[in-house]
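Comments concern the structure below.
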Amino acid sequence: MGKIISIKISQLKKKFGDNTALDGVSLDFAGGKIHGVIGPEGAGKTTLIRIILGLLKPDEGSVDFLRDGNILSFKNIRNTIAYMPERQALYPELSIEEHLVFFSKLYQIDAGEYQKRRRELLNITKLEPFIDRPAEKLSGGMYKKLGLMCALLRNPEIVLLDEPTNGVDPISRRELWDLLYRLLEKKILIIVTTAYMDEAERCAVVHLIEAGKVIITGEPRELMRKEQVQSFDELFFKK
């Protein structure tokens, strides 16, 4: 891997009929950090992620991927991006092991490299004792971890997670965040969307959005100090 990839979003606009999903959004996602895109349902979080992925085209604006200040072709870095949608499409009857094998073949990962990544991912997710359990019998938190493992098999430089902690219990939420912190050891860019305001403080940088517009962006504790609030719930309602 060369220098860390970053993403620059400039004046993104996107409408669906009469609904404005994004209204001039500009953001900088510096590499090697966890960025939180925080906002309520309908704020435009998923639309933003899908535009970054190239699954949607913006009506206006641009998305640039940069390495050492140089713009990269999306075609050339597509395979370095891991994406976990809010509603994952795993195969209920397949076990954790069978999912990993399936995705390793899908990504055409060399057998030796696959074994290395498999060991690493099972270690950090703590899912090895459940390797033969079908996806339909996993808890919500374990199901999310499996989805993340499948995405991470390709050893990405950018990880996009859309509402990864939505619908899971508090302990599983904490475990998922611990997993993300361990991923940072690889110096990758992680972007997490969430509606949970308390998760803002877990990020290195937060981008608070509402109704398709950026309300505030920056380092969590510095933002709270500057705005003289005790929580991001307070900050959100203040803005």
Side-chain angles (χ1 to χ4, degrees), residues 4-75 77-78 81-87 157-164 166 189-229 231-239:
I4 300 169
I5 292 179
S6 61
I7 302 175
K8 185 177 182 62
I9 306 291
S10 301
Q11 290 297 313
L12 283 187
K13 293 187 177 183
K14 182 66 180 178
K15 293 186 72 173
F16 298 99
D18 294 330
N19 177 47
T20 300
L22 297 176
D23 190 7
V25 169
S26 294
L27 293 169
D28 288 316
F29 296 112
K33 298 180 179 181
I34 297 180
H35 291 256
V37 178
I38 318 290
E41 184 177 348
K45 304 185 299 294
T46 296
T47 300
L48 175 64
I49 292 293
R50 288 178 178 172
I51 288 177
I52 292 173
L53 280 163
L55 299 176
L56 286 175
K57 289 187 177 181
D59 299 326
E60 295 180 32
S62 62
V63 177
D64 290 320
F65 297 85
L66 304 107
R67 195 196 301 275
D68 198 24
N70 299 310
I71 295 178
L72 305 169
S73 164
F74 181 70
K75 177 183 176 182
I77 66 158
R78 186 195 304 269
I81 302 174
Y83 169 51
M84 192 173 88
E86 180 183 357
R87 294 177 178 83
E157 294 184 75
I158 300 170
V159 178
L160 305 176
L161 308 174
D162 195 9
E163 306 267 11
N166 187 31
L189 167 58
I190 301 174
I191 301 176
V192 180
T193 74
T194 179
Y196 296 121
M197 293 292 165
D198 62 301
E199 293 188 334
E201 293 179 61
R202 296 178 179 267
C203 305
V205 185
V206 294
H207 314 277
L208 196 58
I209 67 172
E210 163 69 357
K213 293 184 177 182
V214 178
I215 296 175
I216 197 169
T217 186
E219 192 275 323
R221 294 189 184 281
E222 177 60 23
L223 289 176
M224 288 193 293
R225 185 198 63 79
K226 186 176 179 181
E227 296 295 329
Q228 299 182 324
V229 295
S231 70
F232 260 79
D233 286 294
E234 274 188 74
L235 191 151
F236 179 76
F237 287 114
K238 185 176 180 179
K239 289 294 179 179

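No experiment lies behind these values; they were computed from the predicted model shown. Heads up: numbering here begins at 1 and tracks the sequence.
Among residues at least two apart or in separate chains, there is no side-chain hydrogen bond (donor to acceptor under 3.5 Å, both in side chains) pair with a member in residues 55-65. Sorted by first and then second residue, the ring-ring contact (aromatic ring centres under 6.0 Å, His included) pairs with a member in residues 8-28 form an empty list; sequence neighbours excluded.
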Requested in this report: Given side-chain contact (heavy atoms from CB on, under 4.5 Å), test Phe29 with Val37 step by step and report yes or no.
Outcome: CA-CA 10 Å; Phe29 296 112; Val37 178; 4.1 Å; yes

Query raised in the report: Between Phe236 and Ile215, is a side-chain contact (heavy atoms from CB on, under 4.5 Å) present by the stated rule, with each step listed?
Result: CA-CA 8 Å; Phe236 179 76; Ile215 296 175; 4.0 Å; yes

Requested in this report: Determine, stepwise, if the pair Lys33 / Ile190 fulfils side-chain contact (heavy atoms from CB on, under 4.5 Å).
Outcome: CA-CA 6 Å; Lys33 298 180 179 181; Ile190 301 174; over 6 Å; no

Query raised in the report: Which is it for Ile81 and Phe74 under the side-chain contact (heavy atoms from CB on, under 4.5 Å) test, yes or no, and what are the steps along the way?
Result: CA-CA 10 Å; Ile81 302 174; Phe74 181 70; 3.7 Å; yes

For residues 5-12, tabulate all N or O donor-acceptor pairs below 3.5 Å that involve a side-chain atom, not counting sequence neighbours.
from, atom 1, to, atom 2, distance (Å)
Lys8, NZ, Asp28, OD1, 3.3
Gln11, NE2, Ser26, OG, 3.3

Mind listing the side-chain donor-acceptor pairs of residues 192-208 below 3.5 Å, one per line with the distance, residues two or more places apart or on another chain?
from, atom 1, to, atom 2, distance (Å)
Thr193, OG1, Asp162, OD1, 2.6
Thr193, OG1, Glu163, N, 2.9
Thr194, OG1, Tyr196, N, 3.0
Thr194, OG1, Glu199, OE1, 2.8
Asp198, OD1, Arg173, NH2, 3.2
Asp198, OD2, Arg173, NH2, 3.0
Glu199, OE1, Thr165, OG1, 3.1
Glu199, OE2, Thr165, OG1, 2.9
Glu199, OE2, Arg173, NE, 3.1
Glu199, OE2, Arg173, NH2, 3.3
Glu199, OE2, Trp177, NE1, 3.0
His207, ND1, Thr217, OG1, 2.5
His207, NE2, His35, ND1, 3.0

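Checked against side-chain hydrogen bond (donor to acceptor under 3.5 Å, both in side chains), Glu222 has the following partners two or more places apart in sequence or in another chain: Arg225. In terms of the salt bridge (charged side-chain N to carboxylate O under 4.0 Å, His left out) criterion, residue partners of Lys213 (sequence neighbours excluded) are, by chain and number, Asp23.
Summarising the geometry, atom OH belonging to Tyr83 is positioned 8.5 Å from atom CG belonging to Leu160; distances are rounded to the nearest 0.5 Å. Put simply, CD1 on Ile191 and CG on Leu161 are 9.5 Å apart, with the number rounded to the nearest 0.5 Å. Rounding to the nearest 0.5 Å gives a distance of 14.0 Å between CD1 of Ile216 and CD of Glu210. If you take CD1 on Ile209 and OG1 on Thr47, they are separated by 8.5 Å, rounding to the nearest 0.5 Å. Taking CG from Leu22 and NZ from Lys14, the interatomic distance works out to 9.5 Å, rounded to the nearest 0.5 Å. From Glu227, atom CD reaches atom CE of Met224 across 11.0 Å, with rounding to the nearest 0.5 Å.
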